[in-house]
Amino acid sequence: MLGAVITNPSKPFWPDEGLTKLDLAQFYAHIAGDILPWMKGRAVTMERCPEGIRKSCFFQKQAPANLPPGIDTVRIPAPSAGRDVDYIVGGTRKTLLTLVNFGCIAMHVMNGRIDQLDAPDWLAFDLDPADNFASAARAALLLRQKLEDHGLEGYVKTSGGRGLHVFVPLRRGADQDAVRAYAAVIAHELATEHPKLMTVEARKAKRKAPVYVDVMRNAFGQTIVPPFSVRWRPKAPVSMPLDWDEVSPRLEPTVFTIKTAERRMAAKAPWSSFFGHRQTLPRD
DNA sequence: ATGGGCA
DNA sequence: TGCCCATGACATGGT
DNA sequence: ACCATG
Ligand SMILES: [Mn+2]
Ligand SMILES: [Mn+2]
């Protein structure tokens, strides 16, 4: 029915909202068909909150021992750690719900599928505002225009936090380094043209603009939350695909939650054409 | 969340 | 049996 | 080599 065993289903995950682990499992079970296209064939990094959002959460890449039958894993080198990691591979309802059972609230996936890990099929820009969503919205609109100037079409979604994610679906071909380099060029141009709004400076103390354009989500082995991922924040927010005409400093991104997402998704599916609009990066 | 050690 | 404990990420760029 | 960052 759910697709996997959920232990401690009545454990409060969002005590203030009265949401339990079972509520989370049911949400993912209902929207599995919507999130799985962005998880299928991708290594998943777990961000586990086994005691709910009030206790500590932690990242885990290595798959736990004794996985339920039918959960695929893939061994991927982690050069900087000098070892190999066995990741859980996303793509099925059973895998998704097993991740929930491990206490994963947010899902994190790589930009390349495991059959060609070094050929990303999206380019991601992670807009992280230090102040508020309005800044991220302004930055996203400028990024959209910049991508158009480069002949590219971006897709936008809320991150589930205060920021926005802009993805460009790619025809596979360019390798990881080329994709990241391209993203870095775009980000630098934007930060140079709008130094009061956007920065590419990784060090918080050195930033002079509110919106950090995080392009490192495109690096090898790094991850980003896919559309429809829940986040471990108050109200159980959901990363929600948007139409560009919804992106405005006045939009309130916290309206998209476990409670409201399904209604919203029935009304609008702004990313439904995503994988039908794969693009090739210009060589400029 | 899970598994091992130990009283 | 039950309680306690350990365990759980990695890539990057700048200094 | 280390560290801040996401
Ligand atoms: Mn972000
Ligand atoms: Mn970020």
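Throughout, a chain's letter reflects where its sequence line sits, starting with A, and its residues are numbered from 1.
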Neighbour count above 12 (heavy atom, 6.0 Å) for [X] [atom1]:
| X | atom1 | value |
| --- | --- | --- |
| A:Arg278 | CZ | yes |
| A:Lys40 | NZ | no |
| A:Trp232 | CH2 | no |

Please determine if a side-chain N or O atom of [X] lies less than 4.0 Å away from the OP1 or OP2 oxygen of [N].
| X | N | answer |
| --- | --- | --- |
| A:Ser159 | D:dG6 | no |
| A:Arg162 | D:dG6 | no |
| A:Arg180 | C:dT12 | yes |
| A:Arg203 | D:dG6 | no |
| A:Arg83 | C:dC10 | yes |
| A:Asn66 | B:dT2 | no |

To the nearest Å, give me how far apart [atom1] ([X]) and [atom2] ([N]) are.
| X | N | atom1 | atom2 | value |
| --- | --- | --- | --- | --- |
| A:Asp128 | D:dG6 | CG | C1' | 7 Å |
| A:Phe59 | B:dA1 | CZ | P | 18 Å |
| A:Tyr212 | D:dG6 | OH | C1' | 7 Å |
| A:Ile6 | B:dA1 | CD1 | P | 10 Å |
| A:Phe102 | C:dG8 | CZ | C1' | 12 Å |
| A:Glu51 | C:dA6 | CD | C1' | 15 Å |
| A:Asn218 | D:dT5 | CG | P | 21 Å |
| A:Phe220 | C:dA9 | CZ | C1' | 13 Å |

Could you check which of [options] has an atom nearest any side-chain atom of [X]?
| X | options | answer |
| --- | --- | --- |
| A:Ala219 | C:dT12, B:dA1, B:dG3 | C:dT12 |
| A:Lys61 | B:dT2, C:dT12, C:dA9 | C:dA9 |
| A:Arg48 | C:dG13, C:dG8, C:dC10 | C:dG8 |
| A:Asn101 | C:dA9, C:dT12, B:dA1 | B:dA1 |

### Message
Assuming nearest nucleotide by heavy-atom distance, tell me which of A:Gln222 and A:Lys206 is located more 5' along DNA chain C.
### Response
A:Gln222
### Task
Would you mind classifying the nucleic acid contact of A:Thr45 as base, sugar-phosphate or nothing, using non-hydrogen atoms under 4.0 angstrom?
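Nothing, no heavy atom under 4.0 Å.
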### Query
Which of these passes ring pair (Phe, Tyr, Trp, His ring centres under 6.0 Å) with A:Tyr155: A:Trp244, A:Phe275, A:Phe274?
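By the ring pair (Phe, Tyr, Trp, His ring centres under 6.0 Å) criterion, A:Tyr155 pairs with just one of A:Trp244, A:Phe275, A:Phe274: A:Phe274.
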### Message
Strictly under 2.5 Å separating the two SG atoms? Check that for A:Cys57 and A:Cys49, please.
### Response
yes
### Query
Taking atom P in both C:dG8 and D:dG6, what distance in whole Å separates the two?
24 Å
### Message
Could you tell me how far C:dA9 sits from D:dT5 if I compare only their P atoms? Round to whole Å.
### Response
22 Å
### Query
What does D:dA1 pair with, Watson-Crick or G-U, if both distances are under 3.5 Å?
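In the structure as shown, D:dA1 has C:dT15 as its Watson-Crick or wobble partner.
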### Message
Less than 6.0 angstrom from the centroid, inside 45 degrees of the normal: does A:Arg207 satisfy that with respect to the ring of A:Tyr212?
### Response
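Because its charged atom sits under 6.0 Å from the ring centre and within 45° of the axis, A:Arg207 does stack over A:Tyr212.
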### Message
Tell me whether the ring of A:Phe58 lies stacked over the C:dG8 base, given a 5.5 Å limit on centroids and a 30° limit on the plane angle.
### Response
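Here the ring of A:Phe58 and the base of C:dG8 are not stacked, as the 5.5 Å and 30° limits are not both satisfied.
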